[in-house]
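Only this structure's heavy atoms are used, side chains among them; waters, hydrogens and symmetry mates stay out. Not measured: the values here are computed from a predicted model. By convention in this document, chain letters (A, B, ...) are assigned in the order of the sequence lines, proteins followed by strands, and residues within each chain are numbered from 1.
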Number of protein chains: 2
Amino acid sequence: MAEPLKKNFLFTVIGSGNVAWHLSQALVQSGHSFHEVYSRNEKSGKELSHQFSGNFHTSLDFSQSPAELFILAVPDLAIPIIASSLILPSTALLLSVSGSFPLKILLGFSKRAAVFYPLQTFSKESVLEYSNIPFLIEAGDPETEDVVYRLAKSISETVYQIDSTTRKKIHLAAVFASNFTNYMLSVSHDLLKKEQVDFDILKPLVFETLKKAFIIGPSKSQTGPAIRGDHETWQNHLQLLDKKEDLKNIYNLISHQINISMKNS
Amino acid sequence: MAEPLKKNFLFTVIGSGNVAWHLSQALVQSGHSFHEVYSRNEKSGKELSHQFSGNFHTSLDFSQSPAELFILAVPDLAIPIIASSLILPSTALLLSVSGSFPLKILLGFSKRAAVFYPLQTFSKESVLEYSNIPFLIEAGDPETEDVVYRLAKSISETVYQIDSTTRKKIHLAAVFASNFTNYMLSVSHDLLKKEQVDFDILKPLVFETLKKAFIIGPSKSQTGPAIRGDHETWQNHLQLLDKKEDLKNIYNLISHQINISMKNS
């Protein structure tokens, strides 16, 4: 039998970036208690500890820490080196917030480990509605999974139990849906800037495009020269991109894919 | 001196697609009167005329029409052939709704012609707030421009006087911001579908990404493996895309551009 979940956890955050900052806030707002933060960046680590009235911990030796949850909020590349240096209390639960890092490797660093991946983009400037964020969780045993599930549920309405392979693929989908859409916006932004046109002119168009994609599906809602097979506009646009060879390649490649998708549908 | 603008116009729509439908609705809601529609598609043309209690006109001879505005809401490729066959009343004002079609060529078809381009994506399923839509207008003479400006203002709060060259570039920016972002979503959608994961899981992420891009600017808000220089995740993602060579090309090309932009900033 699983122990009943203690309602409030005392937690430690390792890392002091945007994810660390927002998850600390989400957990505190859900009734959990911030205990301490470790960060190689002293400035942002101290800011975080002040923000939540906790301690700034200067080593990775947490053997004397009363915290029960240790949240590893560092870039994927830093996980192995930091996790292998961590000294945790014996009953501690180590949580990774990564979309790609496999649970199996994490379990090599701590017997009690789980994935606690918020499918969201974080920046200090943004005010987020934490209850909307989908949490993708995974643990090595049912008891830990139950604890992590209920922890995630204490923050958010949408919690999914997802294995590492599927999580990786969802992360890939998120790269297209978030990072690459954002890149397309940055191209637009730069094109408009050259014409001294404010980027906000595109706001109603962009939000309507996305709203539609989630209502009728992005394939059905595709519009524009490529899906219409309007090669004249296509060629005109390539001319406007002039000597920007990379942008022309991107324009051609995506337009070609959109055009093919029409023929296959 | 320009004549004072008549508050309500009697208008004719040429074309019966999504743009024709929404602009008719926007004009009617703003107090103008739908008179008739011409469409090569009899079914949708008749539907449109019934919707707004007007006539379905079967020829391009409008010499006897009492309408004052003729809205050319057909694909760019069809503009020359349709516009050259149009017979309009002598005082009629011909409006093009195209982002790319030059005013200069339009003026070859009608002495009184103007561009009336709504920077928005239209589909019958969507309910739109017309007052938010930016209208990009252009006319060959100040008097016509004044009429079209006030017509656009009767629908929307945001109206810009933009020349054909700049409008073309804004249209190109819109292709990146709308058509290409939508394509990125369709790739995500397909990746998730294979894992039997609902596309809605990405909704909070996507909307937050865009919100941020319009608040702090898309370059500053760029996140993901490419901007972090996380080549391990980058390579993992290429492996997950397996034999989808086109998607791998797109992934590489965009990630490369994002990565460069970091180094240049």
* Asked: Does the pair B:V206 and A:T181 meet the rule for a side chain to side chain contact (heavy atoms under 4.5 Å, CB included), with working shown?
  -> CA-CA 8 Å; B:V206 170; A:T181 56; 5.6 Å; no
* Steps toward side chain to side chain contact (heavy atoms under 4.5 Å, CB included) verdict (A:Y183, B:S255) -> CA-CA 9 Å; A:Y183 172 72; B:S255 294; over 6 Å; no
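With hydrogens and angles ignored, the 3.5 Å screen pairs a side-chain donor or acceptor of A:S188 with a backbone N or O of B:A177.
If you measure heavy-atom distances from B:P225 to chain A, the contacts under 4.5 Å come from both the backbone and the side chain. Of the two parts of B:I227, neither the backbone nor the side chain holds a non-hydrogen atom closer than 4.5 Å to a non-hydrogen atom of chain A. Interface residue B:Y251: backbone and side-chain heavy atoms are both found under 4.5 Å from chain A. For a residue to count as touching a neighbouring chain, one of its non-hydrogen atoms must lie under 4.5 Å from one of that chain's; by this rule B:L205 touches chain A with backbone and side chain alike. At a 4.5 Å heavy-atom cutoff, the contact between A:E125 and chain B is made by side-chain atoms alone. Contact annotation for B:T233: only side-chain heavy atoms (C-beta onward) come within less than 4.5 Å of a heavy atom of chain A. For B:H237, the parts sitting under 4.5 Å from any heavy atom of chain A are the backbone and the side chain alike. Contact of A:T223 with chain B is made through backbone and side chain together, with heavy-atom distances under 4.5 Å.
Applying a 4.5 Å heavy-atom cutoff, the residues of residues 72-81 of chain B that approach chain A are B:D76, B:L77. Chain A is approached within less than 4.5 Å, heavy atom to heavy atom, by no residue from residues 18-25 of chain B. Contacts of residues 208-219 of chain A with chain B at a heavy-atom distance below 4.5 Å involve A:E208, A:T209, A:L210, A:K211, A:K212, A:A213, A:F214, A:I216, A:P218, A:S219, listed in sequence order. Annotation: residues 167-175 of chain A contacts chain B through A:K168, A:K169, A:I170, A:H171, A:L172, A:A173, A:A174, A:V175 [non-hydrogen atoms, separation under 4.5 Å].
Listed options B:N179, B:L247, B:I162 were ranked by heavy-atom pairs under 4.5 angstrom with chain A; first place goes to B:N179. Of the listed residues B:F122, B:F176, B:F207, the one with more heavy-atom pairs under 4.5 angstrom with chain A than any other is B:F176. Comparing B:D230, B:L253, B:I133, B:I201 by heavy-atom pairs within less than 4.5 Å of chain A, the highest count is held by B:I201. Ranked by heavy-atom pairs under 4.5 Å with chain B, the first of A:R228, A:E232, A:K203 is A:K203. Among the candidates B:I258, B:T165, B:N132, the residue making the largest number of heavy-atom pairs closer than 4.5 Å to chain A is B:I258. Chain A forms the most heavy-atom pairs under 4.5 Å with one residue out of B:H256, B:E195, B:H231, and that residue is B:E195. When B:T121, B:L136, B:L191, B:L128 are compared by the number of non-hydrogen pairs under 4.5 Å with chain A, B:T121 comes out ahead.
For the atom pair OG1 (B:T158) and CG (A:D200), the distance works out to 10.5 Å, reported to the nearest 0.5 Å.
Counting heavy atoms from C-beta outward, B:S186 and A:S261 have side chains that stay 4.5 Å or more apart.
With no hydrogens or angles considered, a side-chain donor-acceptor pair links B:N182 and A:S221 at under 3.5 Å.
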